[in-house]
Amino acid sequence: MINLLFFGRLGDLAQNVDHSIVYDGQLRTPKELVHELEVAHPRLVAALREPQVLVSVNKMVVKWDHPLFDGDEIAFLPPVTGG
Amino acid sequence: MINLLFFGRLGDLAQNVDHSIVYDGQLRTPKELVHELEVAHPRLVAALREPQVLVSVNKMVVKWDHPLFDGDEIAFLPPVTGG
Amino acid sequence: MSINIHVQHEDFDLASEYTSLRSRTSKIGAVVTFTGLVRDFERLHDDPTSGQNLHTLTLEHYPGMTERLIAEIVDEALQRWSAFGVTVIHRVGCLRPNEQIVFVGVTSEHRENAFKIAEFVMDYLKTKATFWKKVDLNGQQQWIMAKHSDTKAAAKWTEDSDE
Amino acid sequence: MSINIHVQHEDFDLASEYTSLRSRTSKIGAVVTFTGLVRDFERLHDDPTSGQNLHTLTLEHYPGMTERLIAEIVDEALQRWSAFGVTVIHRVGCLRPNEQIVFVGVTSEHRENAFKIAEFVMDYLKTKATFWKKVDLNGQQQWIMAKHSDTKAAAKWTEDSDE
């Protein structure tokens with residue numbers, strides 16, 4: 001199982017997305033994951049592809065071609081606004 | 001009457017100095033005042049002439065040749081160390 | 001060195017944090033505190049004319065990642081300047097105008113280090129830590145955009161290593 | 001704008017000052033406080049090896065002149081950066097290690113101004129305001145010399161007007 005998290009405005013756009021994906025044994029990347037969401041969730045995917053959005057795997061920011069493994073937690077992070 | 005104030009370590013050196021001087025009607029300056037103290041209080045005067053010592057008249061920092069008038073309050077200020 | 005980092009919904013008490021920071025050593029000469037408050041209006045962009053009345057501010061964060069990122073920010077500050085103690089508290093959840101939102105407290109021997117650390121931590125908190133603000137402006141919910149001025153503030157620490 | 005300046009022997013309470021500073025407007029986004037404490041040792045010169053145990057610290061000042069000079073420092077800061085409130089409290093008389101000696105509190109809309117004003121006021125307090133410190137080091141009374149590092153700290157505001 002791979003868990004997906006969407007923060008900030010991405011969370012609003014991802015309300016109908018399945019946040020748990022069965023891991024099918026194939027090597028996948030965050031970039032490929034986003035591509036698979038494109039037909040069903042075009043607005044979300046457009047937002048995910050904005051250049052300032054970061055992706056993390058297991059709470060560490062990674063590149064979009066980072067390999068994913070069973071049990072990983074993938075989070076999509078828009079620009080932060082705390083403080 | 002002219003009143004003299006000595007702060008910080010200058011105060012220790014000026015313990016035997018008369019802090020009130022009768023104003024004799026002559027125009028005087030802080031520099032001349034210090035000169036008049038020299039024979040009786042050589043250590044104090046040496047300290048007053050250190051380049052970092054400032055002089056104020058009526059709570060405003062002035063030059064050493066500032067003219068003095070009856071009622072003035074003259075203060076000798078070593079480098080400050082507050083905060 | 002004592003580092004305390006809290007991400008919490010509960011409010012915090014400046015006096016308690018100050019007392020706790022002060023108590024650690026008698027070598028402390030300087031205590032700097034920064035407290036951020038929720039303003040009653042929010043500029044949605046860098047445009048100074050865009051201010052609107054704010055009803056509530058909701059802070060979301062990424063539990064686990066946020067605390068680690070704050071710890072990294074504090075560690076980086078402490079590699080640059082020495083301190084006795086650093087406390088960072090960031091609130092999450094729904095807050096109202098005038099409420100306290102963030103606290104940074106630093107104790108050091110001399111004032112310059114405490115000021116630098118507090119300012120550095122705040123600049124990086126704004127640009128690196130995984131918090132997201134949503135505002136309710138007259139009933140309309142809206143996610144806040146990152147401010148260019150914050151990105152610039154954090155960048156100043158890398159541009160000028162003398163700072 | 002609200003400016004409060006006090007030179008007093010009595011101790012001050014950070015929480016009261018903070019509450020008072022915060023209460024003035026709901027536009028406040030940032031509160032910066034600096035508190036100076038009496039350290040338990042004193043370096044008589046800039047020599048870092050010269051530290052000695054401190055029993056008491058006595059602060060003398062020039063009443064009337066000090067308050068005016070602090071007001072001038074605050075005014076100069078407020079010509080550079082905007083704020084809602086500035087409070088400066090400086091204690092005088094005989095103090096012991098760990099006691100509070102000086103407080104600067106600033107409220108502003110954004111954090112940068114509050115930090116800058118607090119740091120500016122502290123730098124100039126150290127170099128312009130008419131306070132003199134005498135220390136009792138193991139029974140030996142001694143006036144503190146001005147520190148080169150303080151003169152340098154104040155000079156940075158004139159060298160770099162972008163600061």
Side-chain angles (χ1 to χ4, degrees), chain A residues 1-21 29-31 33-34 37 41-83, chain C residues 7 34-39 42-45 57-73 88-92 95 100-104 118-135 141-151 153-154:
Chain A
M1 206 71 107
I2 286 176
N3 292 307
L4 302 186
L5 297 170
F6 300 88
F7 288 99
R9 70 187 204 88
L10 302 176
D12 293 348
L13 296 169
Q15 275 169 5
N16 300 321
V17 174
D18 196 346
H19 283 46
S20 295
I21 297 177
T29 66
K31 191 176 179 177
L33 267 184
V34 169
L37 294 169
H41 308 282
R43 282 187 62 213
L44 170 65
V45 168
L48 290 172
R49 285 181 176 153
E50 284 173 12
Q52 292 182 305
V53 170
L54 300 178
V55 63
S56 70
V57 173
N58 302 327
K59 301 189 172 75
M60 302 292 288
V61 170
V62 297
K63 295 188 175 168
W64 287 88
D65 58 359
H66 188 86
L68 301 180
F69 298 98
D70 200 16
D72 279 351
E73 178 179 279
I74 323 300
F76 298 98
L77 315 168
V80 302
T81 54
Chain C
V7 179
F34 174 85
T35 310
L37 306 179
V38 180
R39 289 193 304 272
E42 184 59 45
R43 291 177 182 145
L44 290 174
H45 312 283
L57 177 68
T58 306
L59 271 136
E60 183 181 55
H61 84 119
Y62 189 174
M65 189 161 182
T66 312
E67 292 85 346
R68 187 177 55 72
L69 288 169
I70 298 175
E72 285 178 13
I73 293 165
V88 179
I89 304 173
H90 203 303
R91 294 179 70 195
V92 290
L95 305 176
Q100 302 183 125
I101 174 168
V102 58
F103 172 81
V104 177
E119 215 176 339
F120 180 94
V121 168
M122 277 308 304
D123 284 349
Y124 277 90
L125 261 185
K126 292 249 180 195
T127 52
K128 300 280 182 201
T130 42
F131 293 102
W132 295 275
K133 278 180 189 155
K134 187 188 228 171
V135 288
Q141 298 270 332
Q142 196 157 348
W143 290 98
I144 295 279
M145 307 289 278
K147 287 197 175 70
H148 175 64
S149 56
D150 286 326
T151 316

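Every chain is numbered from 1 and lettered A, B, ... according to where its sequence line falls, protein lines coming before strand lines. What you see is a predicted model, and the numbers here were worked out from it, not measured in a lab. Heavy-atom basis, side chains included; hydrogens, waters and symmetry copies ignored.
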(request) Drop me the distance from C/Ile144's CD1 to A/Arg9's CZ, to the nearest 0.5 angstrom. (result) 13.0 Å

(message) Please classify the contact of C/Arg68 with chain A as side chain, backbone, both or neither, using a heavy-atom distance under 4.5 Å.
(response) side chain

(message) Restricting to non-hydrogen atoms, name the atom on C/Ala129 and the atom on A/Val80 that form the minimum distance, rounded to 0.1 Å.
(response) O-CB, 3.1 Å

(request) Would you name the heavy atoms of C/Val102 and A/Gly83 that are closest together and state the gap between them? (result) CG1-C, 3.6 Å

(request) Kindly compute the distance separating CG (A/Leu77) from OH (C/Tyr62), expressed to the nearest 0.5 Å. (result) 7.0 Å

(message) Would you say that more than 12 heavy atoms from the other residues, nucleotides or ligands in this model lie under 6.0 Å from the NZ of C/Lys133, or not?
(response) yes

(message) Within this structure, what is the CE-CG distance for the pair C/Met65 and A/Leu5, rounded to the nearest 0.5 Å?
(response) 11.0 Å

(request) Give, for atom CD of A/Gln52 and atom CE of C/Met145, the distance between the pair rounded to the nearest 0.5 Å. (result) 7.5 Å

(message) For the OG1 atom of A/Thr81 and the NZ atom of C/Lys134, what is their distance to the nearest 0.5 Å?
(response) 11.5 Å

